[in-house]
Amino acid sequence: MLTLLPELVEPPHLERGILTGAALIDLANVDFDEFVVLAKLQAATLDFYLRVPDAMPMDKVIQLLDVGTRCVVVSQNYADHLVSEGVTGERIVVCTQDFAAAETLVGQGYWAGVVVPPTDADSINKLVDLAAKSVAKINYLVDVFVDGAQSIYEKVPGAVPIISQEVLTIHPDQDTNKLSAAQVICSRLNSDRPDGLFTTIVTDTNHRALGVCYSSPESVKEAISTATGVYQSRKRGLWYKGASSGATQKLIRLSMDCDGDALEFMVEQAGPGFCHNNTTSCFGSFAGLAALEETVVQRMKNAPEGSYTKRLFTEQKLLPAKIMEEAEELCEAQSPEEVAWEAADLLYFATIKLAQSGVSWSDVAANLDLKSRKVTRRKGDAKPKWAEATKEIKTKENQAPPTPTAPVLEPKVDESTPIHMGVIDGTNTTAVEASLRRPAQSSGVFDLAKPIVADVCARGDEALLELTAKFDKVQLKSPVLNAPFPPELMQVSDELKDAIDLAVANVEKFHAAQLGKDISVETAPGVVCSRFARPIARVGLYVPGGTAILPSTAIMLGVPAKVAGCKDIVFASPPRHDGTLTPEVVYIAHKVGASQIVLAGGAQAVAAMAYGTKSVTKCDKILGPGNQFVTAAKMIVQTDLNAQVSIDMPAGPSEVLVVADAKANKAFVVSDLLSQAEHGADSQVILIAVNYSSQDVLELQTELDKQARALSRVDVIRKSIAHSTILLTSSLEEAMKLSNQYAPEHLILQVENPSKLLPLVENAGSVFVGALSPEACGDYTSGTNHTLPTYGYANQYSGVNTSTYLKHITSQELTPEGIASIGPATYALAMREGLDGHANAIKVRMNAFK
Ligand SMILES: NC(=O)c1ccc[n+]([C@@H]2O[C@H](COP(=O)([O-])OP(=O)(O)OC[C@H]3O[C@@H](n4cnc5c(N)ncnc54)[C@H](O)[C@@H]3O)[C@@H](O)[C@H]2O)c1
Ligand SMILES: N[C@H](CO)Cc1c[nH]c[nH+]1
C-alpha cells in the first residue's frame, strides 16, 4: 500500500507510513529543500515516491534520487529523459491516463510502476484486462478513492493501492468513516491454512528471525493501532506480546511475502528476548556481528574500571588509533584466513565506535541501502593522503607490519556541509546515553597532567617557566606579577571599565547577600552550639586564557573572594605571546585587591598555586574553570595530602542544555546553543525539543546553520556541534527527566510558563528561566556566578558562591546545668565504645558538681 501524504509529513503520520512502508508525496505541494532534509532523515525507514512536475530541472530530480527517494512518479516524456540520463527503470513510475501507452509500458516490462487513475467502469475493465496480460513484475499504482478502484486492486495482481493519509486510519473503531489500514493490508493476504490465519515471521531490525507467530485481521488491526507486536494465538485468542512477561515489542515495519500468504513483523524487542526461554531468538543465540553488538552494548554500560573495553570507551585517542591500525592490517593481509582475521578485528573496533555513538549495525545496513540508491557516482579515487599511504603498503608487502602511532584527529572541514545537530528520539535509551556523553571525558588527560604537576612540585619556578615556554610559547623572566600592579598593564577603555564596574556591582550584591548569619542554638538546657564563618586565607583563582580571554571569570572568582574577606587573593592566567596579560584581567585583579598574578596556564599554573614555589604563594584552595588539563590538575592536587589544598569543583568545558517547546522563538534557542558551542571544540550543547514536528526541526537546523556561519568562531562551532544533539520528546516531564540525567552546567527553559518547571529541576549548575533570560547575562552581568560544575558534576556540586570561600567553624559552651543534662548520655556512649578516657572527662565534671 502506498500512503498518499497530502503535504510534508509530521512524525506521527510518518510512523504510520513506516508501518505501511511507503509514502507518495506530490512535490508541487512541498518545498524542494525541505523535502531533501526530510528524505535524509527518513529515507532509510520509509520508501518515498515523489510525484515530480514536468517543469522540474533534471539535475534536481537526480538530486532527489541521490538522497534516497525510492521512485519518482513522472510523465512518460520525462521518464524517457531520465532513462537517457542513466536512471534505471526501477526508480521510475510512469504516470499516464492513456491505456494504450500503459500497455506499451507494460510490454517494456522494466518500469517500477504505472499510475493509472481509472475514471470509469470501462477504464477499470481495460486495466483489469491489461493486468491479466502483463508480465509479473509490473506494479500498478491505483488511486483507491476513484470509484470502483477497490475492485481493481483486489482483482489486479500486483496493483498497489494509493490511499490518502487523510482518509486512512489505524484506529478504525474510532474513525468509523475512514478506511482501515489493517483491512487494506489484509485484503491483499490469502491464507493457505485451514484456520485462516497468516503465518507471521517475527524479525529484528536486521531481518534476523526471532520466531514464528500467527496473525488474523483482528490482530493485525491491534498491532497497527498500538504499533506493538500483537498476534493471534491459536489457543488463547489475541496475544499482546510481553503483556505479562514485559518482553514487549515495538512494531517497526510490517510487510507481506511475494504471494501474500505470510507476514513479516519487524520489531524492536524489549526485555531479555523474544523466546519464552529468555533468549533473543527461538532459533538459538545469534552469532557473529549480532552477538558482538549485544556484548559490546552491555560492556559499554558495565565494563569494569581499568579493563581494555573500558579504556576503548574512555580514552579519546585509543579507539581511532586501533581502527586505523586494523584498517592498515586488513589492507596488508594476503591469505583468505588473514583477510578474515583482520576484517574481524576491524569490525570489532568499528562495533565499539558504533555503540559509543548510539548507532547499530542495522543503522549501518540502512545507510548502505540508501547509498545503493545514489544515481550520481563519485569517481571513487582515494584522497591524496590515503593514495600515498597505499603506495607504502604495496612496497611493504611481506614485511612485518609497522607499529602504529596514534593519529592526529583533525578532520578536514568541509565548509559546504550544513552546520546541523544530530537528532535522536529521546526514548531511545542507548542513543540518548551515547549522545549525552561529554566529548572531553577522557581519563587519558590525567596521564598527561600528572607529570606536569609532579614537575612543578619538584622544580618550582624553573619548571613553571619551562612549561610556559612550551605550552604558551613565551619565555618569561619571572612567573609572577606582584601587587601593586603597574598602571600601564591595566589600560582599559572607559566603556569597558563601566561594563566591568556594573558587572562587579551586581556580582557583589548577589554574593554579599549570600554571606548569611552566624548561628547559635541551645540544644539542651545549658548547652549552646554555635557556627560562625571565617574566610579561607589564601585562594588561587584560575582565569582561563587559552582559546578566549575571559576577564569575566576574573570577576566571578575575584569578587566573591573579596566579599568573603580572603586575605591573599592570587590570580593565575596564561600570558599572551608578548609575555603580558590581558589588561582587563589585571584591572579586575587590582579592583578586588589581589596580591599576585601568576603568569601561567594549564596544569602547571594549578600545581604552582597548590604547592607554592619560590615566587608563587601557596594557596589553601584553588578555584576556577579551565580546559581538561586545568580540571585534571585540580583533581590531582586535591588528592595529594602533601599539597593540603582543596578545590571548588570540576569546572571544565562549557555546556548548555536548552529545553524548548515548539512555540519557543527558534532564533533565541539557537543563539543560546551557539553562545556555548563557541567556547571550544570540546564544548557540548543539547536541545531537548518538546513536541517538535519535523518542520520545527528543519526550521531550527536552518536557523542554526545561518547564525553559526555569521559568527567569527564558526570553525570552533562546527567541531562542538559535531558532538551536540537534539533530543525529541513529547512531554515536559520527559524533557526534565533527561535534563536531570545530563545534569547540565547551564539549563535554559524556553517553554510556556517556564517557572512552573523549576520544581522539577534536580541537577543543574544554574537555571535561566524564560526566553528573555539568555545565558550570556549570567556569564557577565546579572549577578549569578558563571563558574559552574560541568561533566555532569552538577548532580553533586554547587557552582562557585560565597560559601566556596568560607570555612564554617562550630563551637559549644556548657554550663553546670549543661553537664548535668547531657553528661550521663555522653558517659554511657563513651563506655559502650570502650573509651574510658572520654567517659572519665565527663565523670570528673559530673562529680565536681554533685
Ligand atoms: N565551567 C565553567 O564554569 C567555565 C567558565 C568559563 C570557561 N570555561 C571553560 O574553560 C575552558 C577554557 O579553556 P582554554 O583552553 O581556553 O583555556 P585554559 O586557560 O583553561 O587552558 C589553556 C592552557 O592549557 C594548557 N595546555 C594547552 N594544551 C596543552 C597540552 N597539550 N598539554 C598540556 N597543557 C596544555 C596551556 O598551558 C594553556 O595555557 C573552556 O573549555 C571553557 O568552556 C568553563
Ligand atoms: N559560559 C562560561 C561558563 O561555562 C563563562 C563565560 C565566560 N565568558 C563567556 N562565558
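For clarity, every value in this text was computed on a predicted model and none was experimentally measured. Atoms within each ligand, like the ligands themselves, are counted from 1 in listed order.
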Among [options], whose heavy atom sits nearest [atom]?
atom: atom 12 (C) of ligand 1; options: Ala681, Pro544, Pro451; result: Pro544
atom: atom 6 (C) of ligand 1; options: Pro625, Gly546, Ser720, Ala633; result: Pro625
atom: atom 20 (O) of ligand 1; options: Asp779, Leu788, Asn627; result: Asn627

Please verify whether a non-hydrogen atom of [X] lies at under 4.0 Å from ligand 1.
X: Gly680; value: no
X: Thr790; value: yes
X: Ala605; value: no
X: Met556; value: no

Worksheet item: Could Lys666 and Glu699 be called an ion pair, given the rule that one side-chain N must be under 4.0 Å from one carboxylate O?
Response: yes

Worksheet item: Can we say Asp705 and Arg709 salt-bridge, meaning some charged N sits less than 4.0 Å from an Asp/Glu carboxylate O?
Response: yes

Which bit of [X] gets closer than 4.0 Å to ligand 1, counting heavy atoms only: side chain, backbone, both or neither?
X: Leu467; result: neither
X: Thr547; result: both
X: Asp472; result: side chain
X: Pro574; result: side chain

Spatial distance of atom [atom1] ([X]) from atom [atom2] ([Y]) [nearest 0.5 Å]:
X: Tyr780; Y: Met556; atom1: OH; atom2: CE; answer: 9.5 Å
X: Lys719; Y: Ile419; atom1: NZ; atom2: CD1; answer: 12.5 Å
X: Ser654; Y: Asn627; atom1: OG; atom2: CG; answer: 11.0 Å
X: Asp648; Y: Leu623; atom1: CG; atom2: CG; answer: 4.0 Å
X: Phe510; Y: Asn785; atom1: CZ; atom2: CG; answer: 9.0 Å
X: Gln707; Y: Thr702; atom1: CD; atom2: OG1; answer: 11.5 Å

What's the shortest heavy-atom distance between [X] and [Y], and which atoms?
X: Glu655; Y: Gly792; value: OE2-N, 4.2 Å
X: Met736; Y: Leu757; value: SD-CD1, 3.9 Å
X: His577; Y: Asp472; value: ND1-O, 3.2 Å
X: Ala600; Y: Leu464; value: CB-CD1, 3.8 Å
X: Leu557; Y: Leu541; value: O-CD1, 3.5 Å

Fill in: Summary of salt bridge (Lys or Arg N to Asp or Glu O under 4.0 Å) pairs that have at least one residue in residues 619-633, sequence neighbours excluded
Arg538-Asp620

[atom]: which protein heavy atom is closest, and how many Å away?
atom: atom 18 (P) of ligand 1; answer: Tyr542 OH, 3.5 Å
atom: atom 11 (C) of ligand 1; answer: Gly626 C, 3.5 Å
atom: atom 7 (C) of ligand 1; answer: Leu550 CD1, 3.5 Å
atom: atom 42 (C) of ligand 1; answer: Ser654 OG, 3.6 Å
atom: atom 41 (O) of ligand 1; answer: Pro653 CA, 3.3 Å
atom: atom 37 (O) of ligand 1; answer: Gln604 NE2, 3.0 Å
atom: atom 9 (C) of ligand 1; answer: Gly652 O, 3.6 Å
atom: atom 32 (N) of ligand 1; answer: Phe471 CE2, 3.2 Å

Show the atoms of ligand 1 that are less than 4.0 angstrom away from any heavy atom in [X].
X: Gly601; result: 37 (O), 39 (O)
X: Val630; result: 20 (O)
X: Gly602; result: 23 (C), 24 (O), 25 (C), 37 (O), 39 (O)
X: His679; result: 43 (O)

Tabulation required: pairs of a nitrogen or oxygen in ligand 2 and a protein nitrogen or oxygen under 3.5 Å; columns are atom names and distance to 0.1 Å; otherwise 'none'.
| residue | atom | partner | partner atom | Å |
| --- | --- | --- | --- | --- |
| ligand 2 | 1 (N) | Gln676 | OE1 | 3.0 |
| ligand 2 | 1 (N) | His679 | NE2 | 3.0 |
| ligand 2 | 1 (N) | Glu775 | OE2 | 3.3 |
| ligand 2 | 1 (N) | Asp779 | OD1 | 2.9 |
| ligand 2 | 1 (N) | Asp779 | OD2 | 3.2 |
| ligand 2 | 4 (O) | Ser654 | OG | 2.7 |
| ligand 2 | 4 (O) | Glu745 | OE1 | 3.2 |
| ligand 2 | 4 (O) | Glu745 | OE2 | 2.6 |
| ligand 2 | 8 (N) | Ser552 | OG | 3.3 |
| ligand 2 | 10 (N) | His679 | NE2 | 3.2 |
| ligand 2 | 10 (N) | Asp779 | OD2 | 3.2 |

Practice prompt. Determine, stepwise, if the pair Met649 / Val800 fulfils side chain to side chain contact (heavy atoms under 4.5 Å, CB included).
Written response: CA-CA 8 Å; Met649 80 202 99; Val800 162; 3.5 Å; yes

Item to complete: Could you please spell out the steps behind the side chain to side chain contact (heavy atoms under 4.5 Å, CB included) verdict for Gln356 and Arg437?
Response: CA-CA 9 Å; Gln356 202 176 47; Arg437 197 168 304 125; 3.3 Å; yes

Fill in: Short side-chain donor-acceptor distance under 3.5 Å, Gln514 and Thr802
yes

Worksheet item: Do Asn795 and Glu762 have side-chain atoms, one donor and one acceptor, less than 3.5 Å apart?
Response: no

Worksheet item: Does Arg438 make a cation-pi contact with Tyr742 (under 6.0 Å, within 45 degrees of the axis)?
Response: yes

Kindly confirm or rule out an N or O of [X] lying under 3.5 angstrom from an N or O of ligand 1.
X: Glu745; answer: yes
X: Ile452; answer: no
X: Phe629; answer: no

